Amino acid sequence: MDEIRPTDIDQKWQKKWRETNLHNADFLGTDKPKYYNLVMFPYPSAAKLHIGHWYNYGGSDLWGRYMRMKGFNVFEPMGFDSFGLPAENYAVKTGVHPMDSTYENIKIMCEQLSAVGTMYDWDKKVVTSDPEYYKWTQWIFLKFFEAGLANRRMAPVNWCPKCQTCLANEQVKEGKCDRCSSEVVKKDMEQWFFNIKKYAERLLNFEGLDWPEKTKMMQKDWIGKSEGVNFKHKIKDLDIEFEVFDSIPQTFMAQTFVIIAPDHPLVKRLVEGTEHEKPVMDFVKKIEKKRLNKKFDIDADMEGVFTGRYSENYMGTGKDLPIWVASFALMDYGTGIVGCSAHDERDFAFAKMYNLPLHPVLFPEDKSHAEKVKNLEVFYREPDGILHEPKEFEGMKWHEARKPIIDHIEKKKFGTRTINYKLHDWLLSRQRYWGAPIPVVYCEKCKADGSAPGGIVAIPEKDLPVLLPRNVDFIPRGKSPLHYCDEFMKTTCPKCGGPAERESDTMDTFVDSSWYFLRYLSPKNEENAFDKKIIKKWMPVDMYIGGAEHACMHLIYARFFTMVLHDLGYIDFDEPFKRLVHQGTITKDSAKMSKSKGNVVSPDSFIEKYGSDVFRMYLMFIGPFVAGGDWSDKGITGVARFERKFKDIIFGDDEVKNKEEMLRVIHKTIKRVTESMEAFQFNTAIAAMMEFTNEIGACGIDAESKKTMVRLIAPFAPHTAEELWEKLDQKYSVFDVNVSGGWPKFDEKYLVTSVLELPVQINGKLRAVITVPVDDAKEKILECAKNESNVKKYFEGAQIVKEIYVPGKLVGFVVK
RNA sequence: GCCGAAGUGGCGGAAUGGCAGACGCGCACGACUCAAAAUCGUGUACUCGUAAGGGUGUGAGGGUUCAAGUCCCUCCUUCGGCACCA
């Protein structure tokens with residue numbers, strides 16, 4: 001007999017699905033409720049799909065198929081996040097143009113993806129590097145620009161002086177250039193930002209989102225909201241005022257010195273022309289270099305230098321506070337200047353280090369402990385500490401004093417209530433070729449006559465897209481390849497018609513991926529970025545599956561874009577992803593798979609041997625989808641056996657030996673699989689079907705139940721299910737709910753048995769199991785339990801204190 | 001350092017406060033076979049016992065409860081995130 005290869009079955013059905021357009025979503029023409037089942041799209045790599053891809057896409061597809069079987073109109077798209085640095089690096093190395101390598105990779109990847117057997121609607125594919133796509137990325141940029149949410153300002157970049165080029169953070173290795181190993185420096189350049197900080201508060205609201213708590217927590221931490229006070233200071237002998245942020249303003253009277261970030265623009269003005277200029281500016285340079293190394297150790301790297309300046313008459317106390325430059329002060333948090341006190345651990349350590357004054361105002365109740373705090377022997381800050389200053393709040397506890405003290409500070413006009421966020425504005429400029437060009441030009445004439453601030457003139461919508469030129473040189477010779485491409489750079493100003501120069505920066509690829517879920521819904525629309533009518537019906541995304549590594553960047557940016565598009569009136573919802581699930585990781589021998597470790601498991605041989613279904617199912621069986629699990633070459637045989645047994649049952653005779661028992665097994669299985677699915681526990685759903693194969697032999701199965709079981713296994717093993725469905729002489733397709741009836745329903749009435757097995761516990765310990773008729777009364781059951789010989793003996797010489805009966809669950813006695 | 005999650009057989013893992021170890025791998029024995037593989041059957045936490053039955057057991061230690069893997073407190077370990085955020 002000729003062996004039928006599993007991959008033949010896979011291909012047969014993949015082909016049929018494609019030919020019959022089974023998975024093409026009908027956006028507007030059906031009454032079925034919609035379900036937008038989204039999985040994070042990949043970067044098109046030349047490498048083969050690995051186990052992680054199969055796990056991610058297989059799990060997402062399993063869910064989509066389940067929802068489809070439940071009667072939803074499921075839309076499951078796939079596309080490519082195809083701009084990015086790797087293709088450009090590859091071009092530098094090999095000379096192969098990103099436009100060629102990227103699309104070649106996409107082609108290969110599409111073929112591989114179809115082997116997974118997912119129900120992607122390939123008609124709706126989006127590729128972010130297609131001009132038809134990035135035209136609208138540019139359009140969105142313009143809308144942000146018009147709304148004042150995109151602007152240009154100076155910001156430091158990593159600069160390699162030898163290569164004369166900007167480096168991405170990943171290209172800086174321990175402060176050195178990845179390519180030539182020369183020291184990287186920070187250099188200020190004009191760059192584009194999205195003002196995401198304006199949305200910080202809204203991004204903290206997760207109301208109505210079914211997201212993992214952990215992800216929400218991570219986003220909260222990332223946004224880093226902190227409430228406090230901005231205190232006013234004035235520099236002695238200079239006509240300069242500044243503010244310092246303090247999130248614990250209760251102890252403001254303890255402030256004895258001020259530190260300023262090395263990269264703060266004020267530093268230079270403080271020391272200009274004084275004896276401190278040289279030591280301070282040398283220090284600033286030293287810290288800048290150190291920070292490039294990124295590994296800042298608070299203990300090892302805490303240092304500072306005195307500026308020679310003072311903050312005058314602090315809060316009217318008559319005291320002047322010395323101003324220092326300190327390595328640990330950050331320019332991009334708060335005001336970049338800090339008021340330091342004895343009640344901040346780092347300030348305390350810094351003061352000790354440089355013998356700066358400290359003045360504690362918060363003390364513990366314990367006398368001897370308080371004495372130590374007073375003598376500066378120990379650092380102290382506890383919520384129940386007692387304040388000694390200011391005198392209006394003497395004796396109050398630290399945590400109780402917060403609000404009244406802030407009121408006091410505002411009344412006295414010492415400072416104002418302020419909120420700070422760790423979240424930075426989104427720097428979207430990339431000095432790179434392989435990205436969407438930022439659609440603006442710089443016009444000297446418009447700058448000079450004041451008609452365009454900064455000379456920035458936006459490209460009109462009708463002239464989009466600003467096409468990425470093909471004819472560029474990838475040999476590194478300084479700036480990004482676009483700089484040297486005259487046909488791109490030299491243009492005319494859309495405003496005045498005079499000569500203008502294009503922006504040569506491209507956009508961060510996170511911009512591309514911040515709205516792709518909208519484009520999937522009308523990928524070929526030439527008039528608009530998205531079709532309002534379809535968007536209204538289909539958004540938000542019902543289920544979004546993807547890696548936890550995107551918890552902060554991508555998932556915050558996509559929410560931000562959605563909020564802005566909502567505020568600009570383009571869409572009527574402001575959260576893109578209603579439900580979010582992160583898949584776990586598949587490990588090998590409990591270690592992450594990586595090329596360097598050499599422990600990568602290649603799917604190929606397993607798919608060849610067992611087919612897509614068994615491979616997919618085994619991955620889902622390893623553990624809960626959100627947890628991942630450990631791959632075992634042998635473990636897959638268990639699922640292969642199950643698949644074979646399942647097929648044998650369906651191919652076998654329709655012979656029922658015990659109908660009641662058969663119905664009980666079938667309905668129990670439907671119930672358990674359904675409940676597992678609803679709990680997103682694919683592993684236990686498969687286990688329930690395995691139990692079915694173990695149990696059904698004893699009672700036999702009829703034709704109707706076979707159909708039920710094929711529908712049940714369909715989301716897990718789609719090719720096998722189609723094959724079996726056909727073998728049962730059913731019409732194509734098992735996934736067409738109108739044909740197959742969709743997801744089976746269970747009926748509790750078949751689950752009821754006539755007798756019940758009840759455990760009997762004495763003092764919480766299991767002593768016997770009794771079998772009783774299911775509708776027996778409590779008294780009768782307790783009586784029956786008491787008469788059990790192994791129970792009886794525990795009553796001898798003892799007294800029954802309590803009798804417990806949990807209906808249907810257990811009988812218990814407490815004896816003394 | 002801070003925040004979060006998780007610790008269950010030889011292994012992956014199951015268990016709305018109610019029979020711990022479902023399901024699978026592996027292993028042992030048996031059937032089939034000249035033999036092996038495949039397949040099928042039986043068993044499989046540790047421990048005492050021929051057995052019936054008993055004792056111990058979900059990272060460690062306490063607690064709540066008739067009953068705790070599950071709830072509460074302390075600690076340990078592992079993993080993930082943030083890491084000078086004033």
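Letters A, B, ... mirror the listed sequences (proteins, then strands); counts begin at 1. Note that the structure is predicted; figures quoted are calculated from it, not measured.
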Identify, between A:Ile259 and A:Gly623, the residue whose nearest nucleotide on RNA chain B lies closer to the 5' end.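 Upstream on the strand: A:Gly623.
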Discussion item. Need to verify one output field. Residue with the more 5' nearest nucleotide on RNA chain B, A:Phe813 or A:Leu330?
Written reply: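 Checking each residue's closest nucleotide, the 5'-ward one belongs to A:Phe813.
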Tell me whether the side-chain N/O atoms of [X] come closer than 4.0 Å to OP1 or OP2 in [N].
| X | N | result |
| --- | --- | --- |
| A:Asn763 | B:U65 | no |
| A:Arg346 | B:A83 | no |
| A:Asn694 | B:A22 | no |
| A:Arg672 | B:A22 | no |
| A:Arg767 | B:A52 | no |
| A:Arg641 | B:U39 | yes |
| A:Ser226 | B:A86 | yes |
| A:Tyr618 | B:G13 | no |
| A:Ser632 | B:C11 | no |
| A:Lys765 | B:U56 | yes |

Side chain of [X], heavy atoms from C-beta onward: which of [options] has the nearest atom to it?
| X | options | answer |
| --- | --- | --- |
| A:Ile248 | B:G80, B:C40, B:A86 | B:A86 |
| A:Lys214 | B:A86, B:C23, B:G80 | B:G80 |
| A:Lys809 | B:A86, B:C19, B:G18 | B:G18 |
| A:Phe245 | B:C3, B:G13, B:A86 | B:A86 |
| A:Leu810 | B:C19, B:G12, B:G18 | B:G18 |
| A:Asn683 | B:C19, B:U39, B:G13 | B:G13 |
| A:Glu691 | B:A15, B:C23, B:C3 | B:C23 |
| A:Asn790 | B:G81, B:G54, B:C25 | B:G54 |
| A:Thr684 | B:A15, B:C25, B:G12 | B:A15 |

Using purine N1 to pyrimidine N3 plus N6-O4 or O6-N4 for Watson-Crick, or N1-O2 and O6-N3 for G-U wobble, each under 3.5 Å, what pairs with [N]?
| N | result |
| --- | --- |
| B:U74 | B:A60 |
| B:A52 | none |
| B:C79 | B:G4 |
| B:U16 | none |
| B:C85 | none |
| B:A31 | B:U39 |

| message | Could you check whether A:His343 and A:Thr251, counting side-chain N and O atoms only, form a donor-acceptor pair closer than 3.5 Å? | response |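 No - no donor-acceptor pair under 3.5 Å links their side chains.
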Q. Expressed in whole Å, how much space separates the P atoms belonging to B:C34 and B:C25?
A. 28 Å
Exercise for the section: Look at A:Glu661 together with A:Arg664 and state whether they make a salt bridge at an N to O cut-off of under 4.0 Å. Expected result: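 Yes, this pair counts.
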### Query
Salt bridge or not for A:Glu410 and A:Arg417, using N-O below 4.0 Å?
yes
Is B:G9 in the syn range, within 90° of 0, or in the anti range?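 Syn, since the glycosidic angle lies within 90° of 0.
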Say whether, by atom type as modelled, one donor and one acceptor occur between the side chain of A:Asp344 and the main chain of A:Arg346 under 3.5 angstrom.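 Yes, A:Asp344 side chain to A:Arg346 backbone: donor-acceptor pair under 3.5 Å.
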message: Is the distance from the ring center of A:Phe606 to that of A:Tyr618 below 6.0 Å?
response: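 No, they do not, as the ring centres are separated by 6.0 Å or more.
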